[in-house]
Amino acid sequence: MASKPHQLHIYFFPMMAHGHMIPMVDMAKLFSGHGVKATIITTPLNAPLISKTIDMDTELGSNISIRVIKFSSLEVGLPEGCENLSSVTSPEMIVKFYKATYMLQEPFEQLLREDSPDCLVADMYFPWATELASKLGIPKLVFHGTGVFPLCVHHSLVHHKPFKNIESDSEPVIVPGLPDTIKMTRRELSDHNREGETQNYIATLFQEIMKAELTSYGVLVNSFHELEPAYSEYYREVVGRKAWHIGPVSLFNRDNELKGKRGNKSSIDEEECLNWLDSKKPKSVLYVCFGSLADFSAAQLLEIAKGLEASEQQFIWVVRKEKEEKEEWLPEGFEKRIEGKGLIIRGWAPQVLILENEAVGGFVTHCGWNSLLEGVTAGVPMVTWPLFVDQFANEKFVTDVLRIGVRVGAQGWSRWAEDNKGSVRKEDIEMAVTQLMVSAEAEIMRNRARALKEKARRAVEDGGSSYSDLNALLEELRSIRS
Ligand code: UDP
């Protein structure tokens, strides 16, 4: 009698940040939908964010679960309960947070030894996981939480060092060797305002990340081949990495309930939000959201409010703030004036649900990879307002490669509120928004975005590029196992 085939068991271990947990949980659900036993590793306070999104899958019979390991916040000097990058509020806290991630090694090794999974998908922020996996003979795939384009930009900059002889922080320099002419300035590449211990620590961490990547089995990407074909080839041929494109993974949340459950709990009743959108004409609403980490000063928020009002567009604006009695970031009488025309969500928005609504015609985004991809998947053109990390490279991708975006004019890294005291002016915002929503060019960008939306959807269907990449990977993992 033939024995039952072995069920592949894969560990998914995302960095404790929404931009990494959300796509990796979607990935785990995708794999479990293909017959894999999926285990997600996280810390106690992040576990409830994940369990609410996978409960439905487990009820439907998917083999997906969570294992929890302790996060040593107090031991490294972080406040109790600080287990997610979204609660980190200063450069000093970031370093402590990274130090605490190194303390996950021991309990994680214990889990690996208990479960002996067939594969480990681990976040790039856990470079130590590569050595651990190889010690235990488990193939490890890296997940960066970003696309292949920014990885190619990063690779070229590290190898060619085009800034070596450049004095100025604001002089645009061509990123050598890429399929398109991409120019970047030094201040788009790092926290040029800061030097010292924090920067040194982060630089060392990134060296370890790059080293770990060289010995990993490959790279798992939340993207699809048709979005960045020239860069997929460059990544394989020039950078020399084996990568599987299996996205856009947000598409695997098929119904509204699941789409609304990703990440934090929504700060608005989803039905109320969708009813509001449904009362608007198609493509008439601008969605403004800067992801889960952005830290704006009151002065910068004030400029945004004024710019939105001056643009005369309808909008949904997500602000990472609780309702306060005195809100210095809002112009006098603003909410009264925008009643019916604008909606402010303080806290967390059901982003994918909003983007997919017919009424949304534009997206002001910080260019986090997930937001970028969710915008593409919804066929919505963007105003690009990068803040830090890969977001400036992603901006070039949206505006210069895909040509579905308008720059707001952000000049350099702006990680903390103190870095952005209103440097992007009301006039810049008004101009970019008007160009995106109502110019002659707007329709052309919208058509390009619509074409990408179709390609994204085809990629994940039976026989599409992401579907095939996933099957090829599973096949390979099964053959390694046998
Ligand atoms: N997100 C959301 N609602 C919000 C803010 C963010 O659903 O109010 C989700 C968004 O859909 C995306 C993720 O959080 O999936 C943010 O990831 P991204 O890479 O765009 O930015 P980051 O937060 O990492 O800067």
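By convention here, the first residue in the shown sequence is residue 1. One-based numbering, in listed order, for ligands and for the atoms of each. Excluded from the calculations below are hydrogen atoms, water molecules and symmetry mates; all remaining heavy atoms, backbone and side chain alike, are included.
The nearest protein atom to atom 23 (O) of ligand 1, hydrogens excluded, is given as Ser292 OG, 2.5 Å; this is a heavy-atom distance.
Comment: Asp295 does not engage Arg320 in a salt bridge, judged by the lack of any side-chain N to carboxylate O separation of less than 4.0 angstrom. Using a 4.0 Å cut-off between charged side-chain N and carboxylate O, Glu395 and Arg407 make a salt bridge.
No side-chain donor-acceptor contact under 3.5 Å links Asp428 to the backbone of Val408.
Taking any N or O of Gln351, backbone or side chain, at least one lies under 3.5 Å from an N or O belonging to ligand 1. Checked against a 3.5 angstrom limit, the closest N/O atoms of Ala349 and ligand 1 fall inside it.
Judged purely by distance below 3.5 Å, without hydrogens or angles, the side chains of Ser371 and Gln351 pair a donor atom with an acceptor atom. No donor-acceptor contact under 3.5 angstrom links the side chains of Asp419 and Ser414, judged on distance only.
Comparing Asn370, Thr365, Leu293 by heavy-atom distance to atom 18 (P) of ligand 1, the nearest is Asn370. Comparing Ser371, Gly375, Pro23 by heavy-atom distance to atom 20 (O) of ligand 1, the nearest is Ser371. Ranked by closest heavy atom to atom 5 (C) of ligand 1, the top entry among Phe388, Phe290, Trp348 is Trp348. Among Lys259, Arg320, Glu374, Lys261, the residue whose heavy atom lies nearest to atom 10 (C) of ligand 1 is Glu374. The residue from His366, His18, Gln391, Arg262 that puts a heavy atom closest to atom 22 (P) of ligand 1 is His366.
Residue Gly368 approaches ligand 1 through these ligand atoms, each under 4.0 Å from one of its heavy atoms: 18 (P), 19 (O), 20 (O), 21 (O). When each atom of ligand 1 is checked for a heavy atom of Gly19 under 4.0 Å away, the hits are 17 (O), 24 (O).
Cation-pi geometry between Lys242 and Trp244 is not satisfied (NZ or CZ under 6.0 Å from the ring centre, within 45° of the ring normal).
The part of Val318 lying near ligand 1 is the side chain, judged by heavy-atom distances below 4.0 Å. The backbone of Trp369, and not its side chain, has at least one atom closer than 4.0 Å to an atom of ligand 1 (non-hydrogen atoms only; backbone = N, CA, C, O). Contacts between Cys289 and ligand 1 below 4.0 angstrom, taking non-hydrogen atoms only, involve the side chain exclusively.
Of the residues Arg337, Lys426, Lys341, the one that meets the salt bridge (charged side-chain N to carboxylate O under 4.0 Å, His left out) test with Glu309 is Arg337.
Atoms CZ and CZ, from Phe224 and Arg458 in turn, are 10.0 Å apart once rounded to the nearest 0.5 Å. Here the straight-line distance linking atom CZ of Arg403 with atom CG of Leu452 works out to 11.0 Å at 0.5 Å rounding.
Residue contact annotation: Ile22 has a non-hydrogen atom under 4.0 Å from ligand 1.
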